[in-house]
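What follows is a set of notes on a single structure, which appears directly below.
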Amino acid sequence: MTIYVIIQTTVIDTETHHRDIVPKIMEAVVRHGGKRIALGHGDQLRVHEGKPPVYNRVVIHEFP
């Protein structure tokens, strides 16, 4: 069975996020056999139904 983890978050300080947080997240994802399959942020996020989200970033990881 495949498991998907969807992260919806707001990133304010992009530089610090990429330097300090992303490497730790990706290390944990890889350690558990996962991979990032989608990333959207800023203007890339499109709402097809309902109100716009209160977050500015969406990441989807897939685990076997």
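In terms of heavy atoms, G33 sits closest to P64 at O-CD, 3.1 Å.
I7 and Y4 end up in different hydrophobic clusters when Ile, Leu, Val, Met, Phe, Trp and Tyr side chains are linked at under 4.5 Å. Follow the hydrophobic side-chain contacts under 4.5 Å out from I60 and you never reach F63; the two are in separate clusters. No continuous path of ILVMFWY side-chain contacts below 4.5 Å connects I3 to V30, so the two sit in separate hydrophobic clusters. Criterion: ILVMFWY side-chain heavy atoms under 4.5 Å apart, direct or through other members. Under it, V29 and L39 are part of a common hydrophobic cluster.
Heavy atoms from other residues, nucleotides or ligands lying under 6.0 Å from CD1 of I37 number more than 12.
Here the side chains of H41 and N56 are not in contact, with every heavy-atom distance at 4.5 Å or above.
Rounded to the nearest 0.5 angstrom, I25 CD1 and H61 NE2 are separated by 7.0 Å.
T9 places no side-chain N or O within donor-acceptor distance of the main-chain N or O of V58, the cut-off being under 3.5 Å.
Identified under the salt bridge (Lys or Arg N to Asp or Glu O under 4.0 Å) test for residues 50-64, with sequence neighbours left out: K35-E62. Legend: salt bridge (Lys or Arg N to Asp or Glu O under 4.0 Å) pairs involving residues 18-34, not counting sequence neighbours, sorted by first then second residue: E15-R19, E27-R31.
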